[in-house]
Number of protein chains: 2
Amino acid sequence: MEKAIEKLIRSGRKLTRPRLAILKFLSHQHAPISAQTIHDKTGIDLASVYRTLKLSEELRLANVEAMGNEKRYCLAAEPHHHITCRKCGHSETVRCNHVTEGLGNFTDISHQLTITGICDKCRK
Amino acid sequence: MEKAIEKLIRSGRKLTRPRLAILKFLSHQHAPISAQTIHDKTGIDLASVYRTLKLSEELRLANVEAMGNEKRYCLAAEPHHHITCRKCGHSETVRCNHVTEGLGNFTDISHQLTITGICDKCRK
DNA sequence: AACATAAATGCGAATAATTCGCAATTGGGT
DNA sequence: ACCCAATTGCGAATTATTCGCATTTATGTT
Ligand SMILES: [Mn+2]
Ligand SMILES: [Mn+2]
Ligand SMILES: [Zn+2]
Ligand SMILES: [Zn+2]
């Protein structure tokens, strides 16, 4: 999280109370989380949450993934992904097998990977 | 596309004119395409397009990826992904490096990968 | 420490994407 | 040809996300 704050400041943006609260909250999660949830748990205005998340994505402080129709974010630590149970939502970390190799024609690559399945507790 | 139709029928659903038109349209695309675009080009009601796309995803006739806030679909051929230029939208196929290996605790896995970058024509 | 000011916030209203409800239609049997 | 559950089209409703703007705040400068 320190790294994220540093990047934020180096980008010339202000380190505001809402931004700090959101980054701090994210740093305590182990599974990717939605804007709505961040709003619910921190009380920060939903529009501001969205603004901070979008900025965090641009500055690569956080990574996004698509769950159904909503986006979920987690702090960008070492490259990793998640697999999430479609029944109970339980989420585990997955090593990032360099999905973006051999893409020579393209630069400034960013990727977003969503993996779902049924976890052992949920299969009968 | 024949394979998709076969799966659709085997699932016990009707092979309707709209469904056939959508699958046919998808089979002619080389880049993933949105519900809105399918509606625009085929004239099929937007709600029906959404219904068919959701069904296609469930039956794994088609694969989804997230582009910004919209979903884009392409027929599920051999496992593959796409890299799309964030400037011009140009899209190329990417081999699927089995991103879903070693996920032992989970079954019935499905994944969705969105890769963007800047293509050679767009970088100055 | 008080000031200046551009950047960011909060709030409500606006969009964009997707889904729902239901009456009318139709595909696939019999 | 007839039946009937499945599907469609259309409009209205939901959801997720974004925008506009008056007010507040972080940060550099006296
Ligand atoms: Mn994570
Ligand atoms: Mn494709
Ligand atoms: Zn589960
Ligand atoms: Zn391009």
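Every chain is numbered from 1, with letters handed out A, B, ... down the list of sequences. All values below come from the heavy atoms of this structure, side chains included, with hydrogens, waters and symmetry mates left out.
Spacing between atom CD1 of Ile22(B) and atom C1' of dT7(D) amounts to 12 Å, rounded to whole angstrom units. Atoms CG (Leu53(B)) and P (dT8(D)) sit 11 Å apart, rounded to a whole Å. In this structure, Arg10(B) places its CZ atom 18 Å from C1' of dG28(C), rounding to the nearest Å. For Arg17(A) and dG10(C), the CZ to C1' distance is 12 Å, given to the nearest whole Å. The interatomic distance linking Gln36(A) (CD) with dT17(D) (P) rounds to 9 Å, in whole Å. The nearest whole Å value for the distance from the NZ atom in Lys54(B) to the P atom in dT15(D) is 13 Å. The nearest whole Å value for the distance from the CG atom in Asp45(B) to the P atom in dG11(D) is 9 Å. Straight-line distance from the OH atom of Tyr50(A) to the P atom of dT15(D): 13 Å, rounded to whole Å.
Phe25(B) and Leu53(B) fall within the same hydrophobic cluster, defined by Ile, Leu, Val, Met, Phe, Trp and Tyr side-chain heavy atoms under 4.5 Å apart, directly or through other members.
Once rounded to the nearest 0.5 Å, the distance linking NZ of Lys14(B) with CG of Leu8(B) reads 12.0 Å.
Taking the six-membered ring where the residue is Trp, Phe106(B) and His90(A) present parallel rings, their angle staying beneath 30° rather than reaching 60°.
The base of dT25(D) is paired with the side chain of Lys14(A) by a donor and an acceptor separated by under 3.5 Å.
Between Asn69(B) and Ile9(B), the one whose closest nucleotide on DNA chain C sits nearer the 5' end is Asn69(B). Remark on DNA chain C: of its neighbouring residues Leu15(B) and Gly12(A), the 5'-side contact belongs to Gly12(A), judged by nearest-heavy-atom nucleotide.
Salt bridge absent: Asp108(B) and Arg123(A) never bring a charged side-chain N and a carboxylate O closer than 4.0 Å.
Within the 4.0 angstrom heavy-atom criterion, base atoms lie near Arg51(A). Residue Thr16(A) is classed as a sugar-phosphate contact, given heavy-atom separations below 4.0 Å to backbone atoms only. Counting any heavy atom pair closer than 4.0 Å across all strands shown, Ile44(A) reaches sugar-phosphate atoms only and no base atom.
OP1 or OP2 of dT7(D) sits under 4.0 Å from a side-chain N or O of Arg19(B).
Closest of all the heavy-atom pairs between Pro18(A) and Ile44(A) is O-CD1, 3.5 Å.
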